[in-house]
Number of protein chains: 2
Amino acid sequence: MPDPSVPVQPVRAKLVDVAQAAGVSKATVSKVLNGRDLSVREETRQRVHEAARTLGYRPHSGARALAGASTHALALLVPALANPTYVTIARGAYQRARELGYLSLLAEDFDGQEADESFSELVQEGRVDGLLIASARPGHSLVDTVSRSSIPHVFLNRSVEGSGRNVTMDVARSSVTALDHLHSLGHRAIGHIAGPPGITPSDARKEAFLRHAGQLGLHAALVASGDFTEDGGVSATLQLLGAAKGGGPPPVTALYTSSLAQAIGAMGAIRSLGLRIPEDVSVVGNDDLPVAGHLCPPLTTVAMPLYDLGTTAVDALVAAIRGTPMGDIVVPTEPRLVSRGSTTAPGATP
Amino acid sequence: MPDPSVPVQPVRAKLVDVAQAAGVSKATVSKVLNGRDLSVREETRQRVHEAARTLGYRPHSGARALAGASTHALALLVPALANPTYVTIARGAYQRARELGYLSLLAEDFDGQEADESFSELVQEGRVDGLLIASARPGHSLVDTVSRSSIPHVFLNRSVEGSGRNVTMDVARSSVTALDHLHSLGHRAIGHIAGPPGITPSDARKEAFLRHAGQLGLHAALVASGDFTEDGGVSATLQLLGAAKGGGPPPVTALYTSSLAQAIGAMGAIRSLGLRIPEDVSVVGNDDLPVAGHLCPPLTTVAMPLYDLGTTAVDALVAAIRGTPMGDIVVPTEPRLVSRGSTTAPGATP
DNA sequence: TCGCCCAAGGAAACCGGTTGACTGGAGGTG
DNA sequence: CACCTCCAGTCAACCGGTTTCCTTGGGCGA
């Protein structure tokens, strides 16, 4: 039981309280605190800020939203929270939003209409000022809904062509980085495990892989698709290396995967075929998260600027909310190769 | 460019619009839609619902909150989103909240005061009706703030003694389950890698480990602490197995870790000492997430009801918001052993 | 027939901000 | 000296719901 001598509810200070304390009107306080009106004397401004501070004033978000101002909240929709990649993006977005004075809501797209609906509701209910959409797919009804509405929004990681609202990473570059690494080690037959077809980063990575493989003049450049999960990596790997079952040499000496989870699945599958990593097959994954360094062997990855993607997208969205017209943006941070034990020269001995 | 013949803004229907369409007053609509007033004829009730549906009416959350009603939103504070354990809990909470008509905000505690502040702000700003706190630590200022306030809240996974608001899992049972498994395989010297001291589930798991080890009459039951991360697992493992460096047999033949990440770190560390898994050292981790099955070797784990923890906590919180007094709750789902390749009899040959 | 009560629903006061129209007075101008 | 301008703020209407009383009409008992 709390001490009754202490006020249980420190009675939230309201705008009118601040006004009274500073000896001005509500209107003036509102203007000062929102930095909106320049025709207020410096001294008055000070008094208002002082009063607000000592009273611990916090504007009531509902009242604000109601009065037609902004809610100071954004919403981020990601395809799957189980995927640490999206979580990293979300963390970047969350942090940057905070820095800009926005609250960010995180929602997961459960592949059903549900998330779509609930996401639209956030807007309808006037809970948020803008949307960050990381799960756009062609035909996703949300994309339609949102583009014919006037609510500020940004597509994140997955792009909607012609929207002029895409914030992406240089995924093509990640394929080049991975291929260059493997090529310089001497690999000439390389396989790529792509993500599900139809998803922007997945397709872009695959195309860049094939293009650059051509430029390098590889003997073989095979591709198989799978979900971004461990299981997706397993099945795609078995597809690519299936021929090896007969005991012959694997058709490729290295694999480059589209996600970290796929790489983990791939490593298991490679071993289940009786092959060694990296002596028989080298593996490069995408997205450098802590777990990569603790696998057996430690996984070589291409580190993508996931966190930066989140921050950049929020910057763009907030700019859009404030009225600046935006265009497509590519996060400037370049993919970076993190070399570990899962890659070596083909045919190397342990 | 959107088709101009389609209204760009489908002009949100307001309460008054619904009232007009149904031929009643705002008051009546409000009562009907909130199921609050019984003195409305069934026929009128129908008309109101009908009108609301055809107009696609969505109440403005800000207006609602302002008028003194609830915001229909909860907030969940977790220690680290990078930890998939908490993400799983969050997903459960999110889903259940949705089912109950609540929106749930997810926030990460960055160990600084920041999250604390921003979490309190959520309340001050009238954005949420209740709090789910999964990062309570002794001395955490939020615990203080929140207990002397009158806002409904629940402590989740980590308990605050005497609060009568704790929702936890049977972590003691998880230690027993793991120990029984290892004991039945023949292990008599077992090590435990605990989480950071001072955190409820970490301490509880450790105590239960020592207690049950005593009951089983083990020759050795060693404990080392580390963060819930991979690195935490590495350092704790080196501490426990350090003696093995001399070439002698390891002081324990099995390790039981407090988190999945620790187990991954432990496996790497065991290998770096030149020991084999599971022949030299068996490993059991906590929390069964997809990645566990794809490690090398696949990891035996104790599956904890993380998702259920999230749903149960939301149930409890919503009940509290609605005025039902609550007490401490333990999620009824029992920890379950998932046996994989990382455990075998001690001294087994490959 | 009168009076009373209750069911069904309406009028209006709020909730706490924001915003554009408006005002009192100081200073400049012809 | 009358008039205009501009500065520094104030007034009051609104945003879209919720909730507290209040009205109204009809049924029923005496």
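Below, all heavy atoms of this structure are taken into account, side chains as well, without hydrogens, waters or symmetry copies. Letters A, B, ... are given to chains in the order of the sequence lines, protein chains preceding strands, and every chain is numbered from 1.
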Rounding to an integer number of Å, can you tell me how far B:R64 CZ sits from C:dG16 P? 18 Å
Evaluate the side-chain proximity of B:L103 to A:L122: yes if any heavy-atom separation is below 4.5 Å, no if none is. yes
Would you say B:R47 places a side-chain N or O within less than 4.0 Å of OP1 or OP2 belonging to C:dA8? no
Between CD of B:Q46 and P of C:dA8 the distance, given in whole Å, is 15 Å
Residue pairs passing the side chain to side chain donor-acceptor pair (under 3.5 Å) test where at least one lies in residues 17-27 of chain A, sequence neighbours excluded: A:S25-A:T28
For a quick test of reading the model: is some side-chain N or O of A:R41 closer than 4.0 Å to OP1 or OP2 of D:dC7? no
With a 4.0 Å limit, can you tell me whether A:Y57 has a side-chain N or O closer than that to the phosphate oxygens OP1/OP2 of C:dG17? yes
Look at B:T28 and C:dG9 and indicate whether a side-chain polar atom (N or O) is within less than 4.0 Å of OP1 or OP2. no
Will you find, in the side chains of A:S159 and A:N166, an N or O donor that is under 3.5 Å from an N or O acceptor? no
B:L55 CG to D:dG17 C1', in whole Å, measures 16 Å
Output one line per pair: protein atom, nucleotide atom from nucleotides 22-25 of chain C, and distance, for all N/O pairs under 3.5 Å.
none

Atom pair distance, as rounded to whole Å: CG in A:L66 and P in C:dT18: 11 Å
Under 4.0 Å: is that the gap between some side-chain N or O of B:K14 and OP1 or OP2 of D:dG16? yes
Given D:dT20, D:dG9, C:dG16, which nucleotide is nearest the side-chain atoms of A:T44? D:dG9
Determine whether A:V123 and A:L131 make a side-chain contact, defined as any pair of heavy atoms from C-beta on separated by less than 4.5 Å. yes
What nucleotide among D:dT10, C:dT18, C:dG9 has an atom nearest to a side-chain atom of B:S39? C:dG9
Expressed in angstrom and rounded to an integer, what is the separation of A:R127 atom CZ from D:dG16 atom P? 16 Å
Of A:K31 and A:V16, whose nearest nucleotide on DNA chain C comes first from the 5' end? A:V16
Counting side-chain heavy atoms from CB outward, which of C:dG10, C:dT18, D:dG17 is closest to B:A67? D:dG17
Only one of B:E43, B:H49, B:E50 passes side chain to side chain donor-acceptor pair (under 3.5 Å) with B:R47, and that residue is B:E43
Can you tell me the distance, in whole Å, between the CD atom of B:Q20 and the P atom of D:dG17? 14 Å
Could you tell me if B:Q95 and B:E99 have a donor-acceptor pair between their side chains, going purely by distance under 3.5 Å? no
Rounded to whole Å, please give me the gap between CZ in A:R45 and P in D:dG9. 9 Å
In terms of heavy-atom contacts, A:D129 and A:H72 come closest through OD2-N, 2.9 Å
Tested for side chain to side chain contact (heavy atoms under 4.5 Å, CB included) against B:F155, the lone hit among B:V146, B:T200, B:L132, B:V167 is B:V146
Measure from the side chain of B:L15, starting at C-beta and using heavy atoms only, and say which of D:dA8, D:dG16, D:dG17 lies closest. D:dG17
Starting the side chain at C-beta, find the nucleotide from D:dG9, C:dT19, C:dG16 nearest to A:S30. C:dT19
Nearest-Å distance, CD (B:Q124) to P (C:dG17)? 12 Å
